[in-house]
Amino acid sequence: MLGLTLLTFIIGYYEKSGVYFMLFLLFTAAIKSFFIIHEYMGLRGVSRLWRVIMYGWLTIVMLGISIPYLISSF
């Protein structure tokens with residue numbers, strides 16, 4: 001996770017932009033969010049319903065960010 005955070009910082013520091021950078025940044029944010037939900041929030045041993053709610057929320061947020069960006073870039 002530290003490496004992903006550092007890579008995200010470097011991309012922002014050098015002001016890289018574009019669809020591929022945005023998708024990469026969202027992908028790294030999704031990976032980090034998965035680890036936070038799974039490990040830090042302790043959803044490893046809970047019922048399937050709670051995991052579906054949390055991962056569904058994460059998916060909706062990521063789609064809500066990426067779809068308008070992709071539509072506006074074309």
Side-chain angles (χ1 to χ4, degrees):
M1 278 184 42
L2 184 60
L4 290 175
T5 303
L6 183 61
L7 190 56
T8 303
F9 172 77
I10 291 170
I11 289 172
Y13 182 77
Y14 289 110
E15 298 178 3
K16 300 294 183 185
S17 62
V19 174
Y20 295 114
F21 286 111
M22 186 276 306
L23 289 175
F24 178 75
L25 292 175
L26 274 178
F27 182 71
T28 58
I31 291 172
K32 292 178 357 181
S33 300
F34 172 80
F35 285 125
I36 290 170
I37 290 170
H38 191 70
E39 299 295 330
Y40 180 72
M41 294 176 69
L43 290 182
R44 183 182 308 170
V46 300
S47 70
R48 184 178 305 260
L49 175 64
W50 283 109
R51 290 187 302 233
V52 168
I53 290 170
M54 293 305 293
Y55 296 131
W57 169 81
L58 176 61
T59 303
I60 289 170
V61 169
M62 292 298 163
L63 288 174
I65 293 170
S66 63
I67 289 173
Y69 186 87
L70 291 173
I71 290 172
S72 68
S73 67
F74 293 117

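FYI, the numbering just counts along the sequence from 1.
With rounding to the nearest 0.5 Å, the separation of CE in M54 from NE2 in H38 is 13.0 Å. With rounding to the nearest 0.5 angstrom, the OH atom of Y55 is 11.5 Å from the CZ atom of R48. Within the model, atoms CG of L26 and CD1 of I31 stand 11.0 Å from one another, a figure rounded to the nearest 0.5 Å. The distance from atom OG of S73 to atom OH of Y20, rounded to the nearest 0.5 Å, is 10.0 Å. Interatomic distance, OG1 of T28 versus CG of L23, reported as 10.5 Å (0.5 Å rounding). Between the OG1 atom in T59 and the CZ atom in F34 there is a gap of 11.0 Å [rounded to 0.5 Å].
Both V46 and L49 belong to a common hydrophobic cluster when Ile, Leu, Val, Met, Phe, Trp and Tyr are linked at side-chain heavy-atom distances under 4.5 angstrom. Following chains of ILVMFWY side-chain contacts shorter than 4.5 Å, one cannot reach F27 starting from L7, and the two form parts of different hydrophobic clusters. In the hydrophobic clustering of this structure, M41 groups with M62; members are Ile, Leu, Val, Met, Phe, Trp, Tyr whose side-chain heavy atoms approach within less than 4.5 Å, directly or through other members. In terms of hydrophobic clustering, with Ile, Leu, Val, Met, Phe, Trp and Tyr side chains grouped at heavy-atom distances under 4.5 Å, I10 and L4 are assigned to different clusters.
Atom CG of L6 is surrounded by more than 12 heavy atoms from other residues, nucleotides or ligands within 6.0 Å.
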Solution key, residues 11-18 side-chain donor-acceptor pairs under 3.5 Å, sequence neighbours excluded:
none

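If you look at F35 and Y40, their ring centroids are not closer than 6.0 Å.
Across all their heavy atoms, V19 and Y69 have their closest contact at CA-CE2, 4.1 Å. Residues S33 and L58 approach most closely at CB-CD1, 3.5 Å, considering heavy atoms.
Listed by chain and number, the residues in a side chain to side chain donor-acceptor pair (under 3.5 Å) with T5 are K32 (sequence neighbours excluded).
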Start with the C-alpha distance between M22 and L70, add both sets of side-chain angles, then the distance that settles side chain to side chain contact (heavy atoms under 4.5 Å, CB included), and finish with yes or no. CA-CA 9 Å; M22 186 276 306; L70 291 173; 4.1 Å; yes

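Between I36 and M1, some side-chain heavy-atom pair lies under the 4.5 Å cut-off. Looking only at side-chain heavy atoms (C-beta outward), T8 and F24 stay at 4.5 Å or farther from each other.
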